Amino acid sequence: GVVSEAWLGLKQAYWRLRGRVWRPLLHRVRRRREVGLSAERWRQADVVSVRGLPHPIHLRPGTTDLAVFEEVFFDRAYPLPSWDVRTVVDCGANAGFVTLWFLRAYPGARVVAIEPDPENWALARKNLEPYGDRVTLLRAAVWPASQHLALIRDRHAGAFDSVRVAAIDGAAPDDTVEALTIPDVMRRAGMSTVDLLKIDIEGAEGPLLRGDTSFLDATRTLMIELHDEECRDAFRSAIASRNFRITHRNNTTIADRPQ
C-alpha cells in the first residue's frame, strides 16, 4: 500500500545518501591500505603495487581501468567464499583485476581467464603472466556454442570496457573473435568442476544462460552481472531446478550451494 511504498522510497533514499557519503570515505581508507597512494597520485597511476600481491598491476590512465579496479579492490564487488577455492573461471576478465583478486585470496587456486577484446586481453596478459601456470588466459568470448562472433566496440571518451559480442549475421565483419562454451573452457583447463565461476560479459550472459547450462551442475559458486531484464529472466530459468542460494553484492548476483 501507500505506507509500504513510502517506506521503500525512504530506504532507497537512505542507501543513495549512504553511497554518496560512505563510499568516498571507504575508498580513501581502502586506497591507502591497498595501494598506498594519495587520490591525486592514484588518478595518474599507470602501475601500482597492491598489498598481498608479489607483482605490480598495470593500468591505463584516463580509461575505465581505475573505476574497474576500485570496484574490485575498494568496493569488493566479489565477496570471497570462506572455503578453500581451488578452481576459478573468470569470464570477461577485462584487464585481469578480478583474477588477481582471487589469486590473492586463494594461494592454491588455479584460474582460467577469458577476455574477447584484444586491448583488454593484452593488458590482462601483462598483469597475469608473472603468475605462471596458476593462470591460463584465453582470448575468446563465452557463448552457448563454439563458433566465431562479431566483436562490437562502443567507445565513450576513451573507455575500454564497452565491448560486446554478437552472432554474425551476413558477411563476416572486420573484428571477430573465437567463442567457446564453458565446458570447452573447462576441458582446455583440465577442470571437471569449478569452485568459483565469475561471469561479466556485457549482456552475452543472456544467450549463454538460454543455451545448455549443464555446466552449472559442476559449479559450486556463480558470481554474475546481469545486464538487463532478459538476462535476469534467463538466469532465473537456468537456476530454477538447481540447489542454489541467491544473494547480491552491488551489481553482482551470487548463486552458491548451501554448505
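This structure is a prediction, so every number in the text was calculated from the model and none was measured. The residues of the chain are indexed from 1 along the displayed sequence.
Within 6.0 Å of atom CZ in R51, more than 12 heavy atoms from other residues, nucleotides or ligands are found, so the atom counts as buried in its surroundings. Other residues, nucleotides and ligands contribute over 12 non-hydrogen atoms within 6.0 Å of the CD atom of E229.
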Inset, instruction - Given side-chain contact (heavy atoms from CB on, under 4.5 Å), test R60 with E119 step by step and report yes or no. - result: CA-CA 11 Å; R60 295 163 292 194; E119 296 172 6; 4.1 Å; yes
Inset, instruction - Let me see the working for L197 and F215 under side-chain contact (heavy atoms from CB on, under 4.5 Å), right down to the final yes or no. - result: CA-CA 10 Å; L197 172 60; F215 62 87; 3.7 Å; yes
Inset, instruction - Give the intermediate values and the outcome of side-chain contact (heavy atoms from CB on, under 4.5 Å) for residues L208 and V142. - result: CA-CA 7 Å; L208 178 69; V142 175; 3.8 Å; yes
Inset, instruction - Check the pair L59, V47 against side-chain contact (heavy atoms from CB on, under 4.5 Å), reporting the backbone distance first and the verdict last. - result: CA-CA 6 Å; L59 309 104; V47 60; 5.9 Å; no
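Note: the hydrophobic cluster containing F102 also contains V135 (ILVMFWY, side chain heavy atoms under 4.5 Å, direct or indirect links). V72 and I199 are assigned to two separate hydrophobic clusters, defined by single-linkage of ILVMFWY side chains at heavy-atom distances under 4.5 Å. Following chains of ILVMFWY side-chain contacts shorter than 4.5 Å, one cannot reach L196 starting from L138, and the two form parts of different hydrophobic clusters. Follow the hydrophobic side-chain contacts under 4.5 Å out from L180 and you reach I224 in the same cluster. Tracing side-chain contacts under 4.5 Å through hydrophobic residues (I, L, V, M, F, W, Y), one reaches M191 starting from V185; they form part of the same cluster.
For the pair L26/F74, no side-chain contact is recorded, criterion being any heavy-atom separation below 4.5 Å from C-beta on. With a 4.5 Å cut-off on side-chain heavy atoms, H27 and D75 count as touching. Counting heavy atoms from C-beta on, the side chains of H248 and T252 never come closer than 4.5 Å. Here the side chains of T176 and I168 are in contact, with some heavy-atom distance below 4.5 Å. Residues R110 and V88 fail the side-chain proximity criterion, which asks for heavy atoms closer than 4.5 Å. When side chains are defined from C-beta on, V165 counts as touching W143, because their heavy atoms get closer than 4.5 Å. The closest side-chain heavy-atom distance from I114 to D90 is not below 4.5 Å. In this structure, the side chains of M186 and V194 come closer than 4.5 Å at one or more pairs of heavy atoms.
With hydrogens and angles disregarded, no donor-acceptor distance shorter than 3.5 Å links the side chain of T219 to the backbone of L222. When atom types are taken as modelled, the side chain of E115 and the backbone of N94 share a donor-acceptor pair closer than 3.5 angstrom. Of the possible donor and acceptor atoms, none in the side chain of R220 sits under 3.5 Å from a partner among the backbone N and O of D195. The backbone N or O of E230 sits nowhere less than 3.5 Å from a side-chain atom of D233 that would complete a donor-acceptor pair. Using a distance-only test at 3.5 Å, with no hydrogens or angles considered, a donor-acceptor pair links the side chain of N127 to the main chain of A95. For T181 (side chain) and D184 (main-chain N/O), a donor-acceptor pair under 3.5 Å exists by modelled atom type.
Note that R76 lies outside the cation-pi zone of W101, set by a 6.0 Å cut-off to the ring centre and a 45° limit from the axis. Geometric assessment of R257 against the ring of F244 yields a positive cation-pi assignment under the 6.0 Å and 45° thresholds.
Of the inter-residue distances, the one linking F97 atom CZ with T99 atom OG1 reads 11.0 Å to the nearest 0.5 angstrom. To the nearest 0.5 Å, the span separating CG on L53 from CG on L103 amounts to 7.5 Å. Here K198 contributes atom NZ and I254 contributes atom CD1; the two are 13.0 Å apart, rounded to the nearest 0.5 Å. The line from CD of E34 to CZ of R30 is 8.0 Å long, rounded to the nearest 0.5 Å. One finds the CD atom of E71 at 6.0 Å from the OH atom of Y78 (value rounded to the nearest 0.5 Å). In this structure, L226 CG and E205 CD are separated by 5.5 Å, a value rounded to the nearest 0.5 Å.
Between W42 and F69, the angle of the ring planes lies from 30° to 60°, which puts this pair in the tilted group.
Taking every heavy atom of both residues into account, A238 and L209 meet most closely at CB-O, 4.1 Å. The nearest pair of heavy atoms linking G96 to A124 is N-CB, 4.0 Å. Here the closest non-hydrogen pair linking R139 and L151 is NH2-CD2, 3.9 Å. In plain terms, the two heavy atoms of A113 and A93 that are nearest each other are CB-CB, 3.8 Å. Closest non-hydrogen pair, I201 versus G92, comes out as CG2-N, 3.9 Å. Considering all non-hydrogen atoms of both residues, G108 and R134 come closest at N-NH2, 4.2 Å.
Looking at R164 and E202, no side-chain N of the basic residue comes within less than 4.0 Å of a carboxylate O on the acidic one, giving no salt bridge. The existence of a salt bridge linking D256 and R245 is confirmed by a sub-4.0 Å separation between a basic side-chain nitrogen and an acidic carboxylate oxygen. Taking the charged nitrogens against the carboxylate oxygens, D117 and R153 do have a contact shorter than 4.0 Å, which makes a salt bridge. The pair D217-R242 meets the salt-bridge criterion, with a side-chain N (NZ, NE, NH1 or NH2) lying under 4.0 Å from an Asp/Glu carboxylate O.
Side-chain polar atoms of S214 and D212 form a donor-acceptor pair below 3.5 angstrom. There is no side-chain donor-acceptor pair under 3.5 Å between D65 and H58.
Annotation: W83 is not in aromatic contact with Y106 [ring centroid separation under 6.0 Å not met].
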